[in-house]
Amino acid sequence: MTILLLGSGGREHAFAWKMIQSPLCEKLFVAPGNAGTAAIATNVAMSPTDFDAIKAFVLKENVKMVVVGPEDPLVKGIYDYFKNDESLQHIPVIGPSKLGAQLEGSKEFAKEFLMKHNIPTAAYDSFTAETVENGCAFLETLQPPYVLKADGLAAGKGVLIIQDLEEAKTELRNMLVHQKFGAASSKVVIEEFLDGIELSCFVLTDGKSYKILPTAKDYKRIGEGDTGLNTGGMGAVSPVPYVDAVLMEKIETRIVKPTIEGFQKDGIEYKGFVFIGLINVKNEPIVIEYNVRMGDPETEVVVPRLESDLVELFLSVANQELDSFELKVDPRSATTIMVVSGGYPEDFEKGKVITGLENITDSIVFHAGTKLDGKNVVSNGGRVLTVTSYGDDFQQAIKKSYQNIDKLNFDKMYFRKDIGFDLL
Ligand code: AMP
Ligand code: GLY
């Protein structure tokens, strides 16, 4: 079959790498893709949110399945666009409906869903410009630090954690009244701060049944020791050594099951990934967010650990036969280390020629922000490449990734040298 994958990051390169290994995948298009996907599939210069262009392409190329990487097209309703179009409705889209995507598209929607279905989450209230003074009064009832979340999509920057009460009030006004994050912060969720260890749970659902995917942890801060600014993610490890069977059981019964049942009770069509962000407070997992897609760079360690055929897995989601799918997972550890442009997540330069890629044989290099410039692969984003390795344990895998990163070079390249430091 012919498949169209939407997106251009390391997550999409990892999906593409796995999907082309399937005998079911005869032709893979990636829109817009990067230099890594260009080497194994066919890139198409098309925006993942230009639904009319996607329609024309899908019909012209006889595409039989669409796999959505990032959240944007999902929040904008690509699932519904296909479902409501007579010429497209037979083509499955892997990703939730527009309503389901609100779990990531609106923090308030997610909080209401969590409360309604009795899924453990931090206490909260939400405010608008009209109720900003009530918001300030609410802050006074809380203990620091204060957690302010822009309701809408803010490219991962919409959450502020502030120690000082007066500063929190100022930021709340900045968000609501001065539109600090544009329309995304015309509503703000103020949430109780949870003190514990963060972890993520990745689930694939067909709307009726679900499979829990291997656990993974990412490293969000730019600096070593988890310091400095937030990034999209600087590395990841799978499995997460401290997630044991007892904790996983709690996550499944208290969070995953009620989430999928909640979709059914609320009539939310959902055939895709659910990425549940959790904080483990004294061994009690509590939800801090939903994402309606896979994580990046978590995908670059989760997907390499799937032994099952990914296209077959997606088809079982589309056909609502996930229940009978046997998910096989590689018992080895996988780690990935992200190589970024100097300056990221603030200003950085693009177009740097990358050398040494051909010297890496025992790790997998997934491209995150690259493009082809003549014969050269050049940097084309903040996160540029991510180097994934397997090992009997995560230390062994990490060592291999670092050995191979030493073979890579581009001007001002940077990576964290301490991925996994907290797991020892
Ligand atoms: P989110 O976009 O909701 O994942 O928030 C971004 C980051 O803020 C998370 O990765 C956490 O580190 C932190 N965070 C979010 N909500 C809370 C909370 N209620 N308590 C403590 N930290 C939080
Ligand atoms: N790595 C975190 C995310 O994809 O949101």
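Numbering of ligands and ligand atoms starts at 1, following listing order.
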Atoms of ligand 1 under 4.0 Å from any heavy atom of Lys149, numbered from 1 in the order shown, are 3 (O), 15 (C), 16 (N)
For Lys107, the ligand 1 atoms whose distance to one of its heavy atoms is below 4.0 Å
1 (P), 2 (O), 3 (O)
Does Asp72 form a side chain to side chain donor-acceptor pair (under 3.5 Å) with Thr49? I'd like the steps, not just the answer.
CA-CA 7 Å; Asp72 260 13; Thr49 53; 5.9 Å; no
With no hydrogens and no angle check, just 3.5 Å: does a side-chain donor-acceptor pair link Lys352 and Ser341?
no
Just go through Glu198, Glu104, Glu289 and tell me whose heavy atom is the nearest to atom 1 (P) of ligand 1.
Glu289
I'd like the name of whichever of Leu278, Ile288, Ile279 reaches closest to atom 22 (N) of ligand 1 through any heavy atom.
Ile279
Using a strict threshold of under 4.0 Å (side-chain N to carboxylate O), is an ion pair present between Lys107 and Glu191?
no
Does Arg416 come within less than 4.0 Å of Asp226, counting only side-chain N to carboxylate O?
yes
With heavy-atom distances below 4.0 Å as the criterion, list the atoms of ligand 1 near Phe193.
20 (N), 21 (C), 22 (N)
Quick one: look up the protein heavy atom nearest atom 7 (C) of ligand 1 and list residue, atom name and how far away it is.
Val159 CG1, 4.4 Å
Would one find more than 12 heavy atoms of other residues, nucleotides or ligands at under 6.0 Å from atom NZ of Lys208?
no
Centroid-centroid distance, Phe113 to Phe263, less than 6.0 Å:
yes
Classify the ring geometry between His13 and Phe366 as parallel (under 30°), tilted (30 to 60°) or perpendicular (over 60°).
perpendicular
Which residue and heavy atom of the protein sit nearest atom 23 (C) of ligand 1, plus the separation
Ile161 CD1, 3.8 Å
Which pairs, with at least one residue in residues 204-254 and sequence neighbours excluded, count as a ring-ring contact (aromatic ring centres under 6.0 Å, His included)?
none
Distances under 3.5 Å, N/O of ligand 2 against N/O of the protein: list each pair and its distance.
| from | atom 1 | to | atom 2 | distance (Å) |
| --- | --- | --- | --- | --- |
| ligand 2 | 1 (N) | Asp218 | OD2 | 2.8 |
| ligand 2 | 1 (N) | Gly232 | O | 3.1 |
| ligand 2 | 1 (N) | Asp296 | O | 3.0 |
| ligand 2 | 1 (N) | Glu298 | OE1 | 2.9 |
| ligand 2 | 1 (N) | Glu298 | OE2 | 3.4 |
| ligand 2 | 4 (O) | Arg293 | NH1 | 3.0 |
| ligand 2 | 4 (O) | Asp296 | N | 2.9 |
| ligand 2 | 5 (O) | Arg293 | NH1 | 3.4 |
| ligand 2 | 5 (O) | Arg293 | NH2 | 3.0 |

Strictly under 6.0 Å, is that where the ring centroids of Phe273 and Phe15 end up?
yes
Heavy-atom nearest neighbour in the protein, as seen from atom 19 (N) of ligand 1, with distance rounded to 0.1 Å:
Glu191 OE1, 2.6 Å
Report the member of Val287, Thr121, Leu194, Ile286 with the shortest heavy-atom distance to atom 20 (N) of ligand 1.
Leu194
Evaluate whether atom NZ of Lys371 has more than 12 neighbouring non-hydrogen atoms of other residues, nucleotides or ligands under 6.0 angstrom away.
no
